[in-house]
Participant: 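Would you mind keeping the following structure in view while I ask a few things?
Treat the numbers as computed from the prediction; the structure is a model and nothing was measured. Note on naming: letters A, B, ... go to the chains in the order of the sequence lines (proteins, then strands), and numbering restarts at 1 for each one.
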Amino acid sequence: MPELPEVETTRRGIETWVTGRAITALIVRDRRLRWPIPAGLEDELAGQRITGVGRRAKYLLIYCQRGALILHLGMSGSLRVLEPTTPLIKHDHFDLLLDSGRCLRFNDPRRFGSLHWTGADPGTHPLLRTVGPEPLDSSFDGEYLRRVSRGRRVALKNFLMNGRVVVGVGNIYASEALFRARLRPGRRAASLTTREAARLARAIKAVLGNAIRAGGTTLRDFVGADGNPGYFRQKLYVYERAGRACRICRTPIRKVVHGQRSTYYCPACQK
DNA sequence: ATGGGCACCTGGCTGC
DNA sequence: TGCAGCCAGGTGCCCA
């Protein structure tokens with residue numbers, strides 16, 4: 001499910017509900033995620049106050065007095081603000097109960113999500129230590145993309161989805177950003193000219209920014225903290241539009257596979 | 001170092 | 001109606 005815009009939508013959705021609240025309890029119902037929820041986390045969290053909610057890459061960071069929770073939504077995870085009495089459904093993994101009387105409830109059918117705890121700066125955690133720049137930061141620009149793409153023979157699409165190059169760009173937004181930059185997904189990264197790299201960096205920022213403004217993309221099951229879907233799907237130009245007319249030039253959109261993932265592009269608009 | 005492929009899971013849809 | 005097969009928004013790890 002979630003790429004950067006969906007995680008950011010979730011972050012904004014929970015922020016005002018949890019910041020400044022104390023955790024009264026963590027109730028774990030199913031520890032089985034990509035990695036098991038750490039034993040003893042219940043005791044660590046009880047009584048701690050939440051000081052803020054951040055995001056790094058596709059990880060949500062819930063800052064507490066003595067450390068931070070690091071939460072990944074995987075492919076199918078969602079985190080909602082609910083009354084604790086809301087009936088449980090299949091794949092509800094945990095509740096974080098707050099002193100406001102609300103709770104954060106995490107549901108994840110495919111169990112690709114994860115929950116970690118760190119007593120240190122989350123940026124030093126092994127999962128986050130080696131990741132690339134945030135695409136919406138000013139340090140991420142055409143000059144950076146041009147520099148790190150030198151000598152790289154991978155397809156542009158895979159290059160963008162490599163978290164060491166840039167974080168947050170998943171399968172939907174890689175295709176969308178390449179369409180917006182008018183670049184073919186199969187081109188070698190090393191073929192990027194200075195101008196193209198600048199166009200691509202701008203396209204990534206624009207696509208992600210617009211998707212955040214729309215509350216993310218819901219293809220099947222993404223919902224934000226309020227339970228509502230995202231509305232960016234209506235604004236997709238190529239993703240899941242194989243055979244349909246390009247919104248710019250009416251040429252049929254093509255679907256190919258790169259690294260076992262579906263990729264969509266317009267053979268006329270993208271060079 | 002780089003790139004490619006696999007594995008981890010459940011559920012929804014398609015076609016026989 | 002049942003069932004097999006395929007596909008899905010991520011990413012750490014293994015191997016060449």
Side-chain angles (χ1 to χ4, degrees), chain A residues 1-11 29-37 55-60 70-79 89-93 106-116 125-132 135 147-178 185-191 204 207-208 211-212 214-224 229-236 238-243 255-264:
Chain A
M1 168 237 324
E3 303 185 32
L4 186 149
E6 292 73 40
V7 179
E8 181 60 23
T9 295
T10 300
R11 190 195 70 75
R29 300 197 171 82
D30 187 351
R31 304 198 96 86
R32 297 174 306 161
L33 290 172
R34 185 170 191 190
W35 296 280
I37 295 174
R55 180 192 55 74
R56 178 74 172 101
K58 295 171 190 166
Y59 289 92
L60 275 173
I70 303 174
L71 176 68
H72 201 292
L73 304 182
M75 289 274 262
S76 57
S78 62
L79 190 64
I89 58 174
K90 215 172 171 183
H91 309 302
D92 279 338
H93 285 263
F106 181 71
N107 182 279
D108 185 9
R110 290 179 72 183
R111 291 197 251 133
F112 289 161
S114 60
L115 181 65
H116 291 273
H125 191 276
L127 289 169
L128 287 170
R129 199 169 39 213
T130 59
V131 299
R147 177 161 49 81
V148 299
S149 60
R150 295 309 81 191
R152 301 294 299 271
R153 299 177 59 79
V154 262
L156 266 182
K157 163 93 175 335
N158 296 327
F159 184 67
L160 293 186
M161 290 178 65
N162 179 345
R164 299 187 169 214
V165 172
V166 60
V167 299
V169 182
N171 206 39
I172 300 175
Y173 300 112
S175 280
E176 292 297 315
L178 286 165
R187 271 183 48 178
R188 296 198 187 287
S191 74
I204 290 167
V207 166
L208 295 179
I212 290 170
T217 300
T218 297
L219 293 175
R220 302 167 234 302
D221 49 17
F222 170 73
V223 291
Y231 297 100
F232 195 69
R233 188 176 192 181
Q234 301 152 232
K235 300 189 178 174
L236 297 176
V238 290
Y239 190 82
E240 284 198 334
R241 297 195 69 244
K255 171 179 170 175
V256 292
V257 174
H258 283 121
Q260 306 121 265
R261 316 297 296 277
S262 295
T263 303
Y264 302 84

Participant: According to a strict under-4.0 Å criterion, is A:His91 in side-chain N/O contact with OP1 or OP2 of B:dG11?
Facilitator: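 Answer yes for this pair, as a side-chain N or O of A:His91 is under 4.0 Å from OP1 or OP2.
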Participant: Considering only heavy atoms from C-beta outward, does the side chain of A:Phe232 approach that of A:Thr9 to under 4.5 Å?
Facilitator: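 No. Closest side-chain heavy atoms not under 4.5 Å.
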Participant: Under a 4.0 Å N-O cut-off, is there an ion pair linking A:Lys235 with A:Glu176?
Facilitator: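 No salt bridge links A:Lys235 with A:Glu176.
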Participant: Could you work out which one of B:dC9, B:dG4, C:dT11 sits closest to the side chain of A:Phe112?
Facilitator: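 Ranking B:dC9, B:dG4, C:dT11 by closest atom to the A:Phe112 side chain puts B:dC9 first.
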Participant: Let me know, please, whether A:Arg153 or A:Gln260 comes out on the 5' side of the other along DNA chain B by nearest nucleotide.
Facilitator: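 So the residue in question is A:Arg153.
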Participant: With a non-hydrogen cut-off below 4.0 angstrom, is A:Tyr239 in contact with a base, only sugar-phosphate, or nothing?
Facilitator: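 Result for A:Tyr239 = sugar-phosphate.
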Participant: Considering only side-chain heavy atoms of A:His72, which listed nucleotide, C:dG9, C:dT11, B:dT10, is closest?
Facilitator: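 Among the listed nucleotides, the one closest to the side chain of A:His72 is C:dT11.
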Participant: For A:Arg31, does the CZ atom have more than 12 heavy-atom neighbours from other residues, nucleotides or ligands under 6.0 Å away?
Facilitator: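 For A:Arg31, atom CZ is crowded (more than 12 foreign heavy atoms under 6.0 Å).
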Participant: What's the closest nucleotide to the side chain of A:Pro109 if the choices are B:dG11, B:dG4, C:dG9?
Facilitator: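 The answer is B:dG11, which lies nearest to the side chain.
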Participant: At 4.0 Å (heavy atoms only), tell me whether A:Phe159 reaches a base, stays on the sugar-phosphate, or touches nothing.
Facilitator: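 Here A:Phe159 touches no strand at all.
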Participant: Could you please name the option among C:dG10, C:dG9, B:dG3 that lies closest to any side-chain atom of A:Val154?
Facilitator: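 In terms of side-chain proximity for A:Val154, the closest of C:dG10, C:dG9, B:dG3 is B:dG3.
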Participant: Between A:Lys90 and B:dT10, is there a contact of a side-chain N or O with OP1 or OP2 at under 4.0 Å?
Facilitator: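 A:Lys90 to B:dT10 OP1/OP2: no side-chain N or O under 4.0 Å.
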Participant: Give a yes or no on whether a donor-acceptor pair under 3.5 Å exists between the nucleobase atoms of B:dT2, that is its base, and the side chain of A:Arg152.
Facilitator: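 Side chain to base: no pair present.
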Participant: Looking at A:His93, A:Arg34, A:His91, which hits side chain to side chain contact (heavy atoms under 4.5 Å, CB included) with A:Arg111?
Facilitator: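 Going through the options one by one, the only one that passes is A:His93.
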Participant: Mind checking A:Gly259 for me? I need base, sugar-phosphate or nothing, with any heavy atom below 4.0 Å counting as a touch.
Facilitator: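 It contacts nothing in the nucleic acid.
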Participant: Give the intermediate values and the outcome of side-chain hydrogen bond (donor to acceptor under 3.5 Å, both in side chains) for residues A:Asn171 and A:Lys157.
Facilitator: CA-CA 9 Å; A:Asn171 206 39; A:Lys157 163 93 175 335; 2.8 Å; yes
Participant: What base-paired stems does DNA chain C take part in, with at least 3 consecutive Watson-Crick or G-U wobble pairs and both distances under 3.5 Å?
Facilitator: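 The stems that DNA chain C takes part in, listed by first number, are B:2-8 with C:10-16, B:10-16 with C:2-8.
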Participant: State, to 0.1 Å, how close A:Arg56 and A:Val131 come at their nearest heavy-atom pair, and which atoms those are.
Facilitator: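 That closest heavy-atom pairing would be NH2-CG2, 3.3 Å.
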Participant: Ignoring hydrogens and geometry beyond distance, is the side chain of A:Arg111 in donor-acceptor contact with the base of B:dC9 at under 3.5 Å?
Facilitator: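 Check fails, no donor-acceptor contact within cut-off.
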Participant: Which pair of heavy atoms, one from A:Thr218 and one from A:Arg233, lies closest together, and at what distance?
Facilitator: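 Smallest interatomic distance, heavy atoms only, reads O-CD, 3.3 Å.
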Participant: Say we look at C:dC7 and B:dG5: how far apart would their P atoms be, to the nearest angstrom?
Facilitator: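 It works out to 15 Å between them.
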Participant: Does A:Arg261 reach a base, just sugar-phosphate, or nothing at all? Heavy atoms under 4.0 Å.
Facilitator: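 Base, at least one base atom sits under 4.0 Å.
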Participant: C:dA8 phosphate, OP1 or OP2: any side-chain N/O from A:Ser262 under 4.0 angstrom?
Facilitator: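 For C:dA8, OP1/OP2 do have a side-chain N/O of A:Ser262 under 4.0 Å.
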Participant: Would you please confirm or rule out a distance under 4.0 Å between OP1 or OP2 of B:dC8 and any side-chain N or O of A:Arg32?
Facilitator: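 Result: no.
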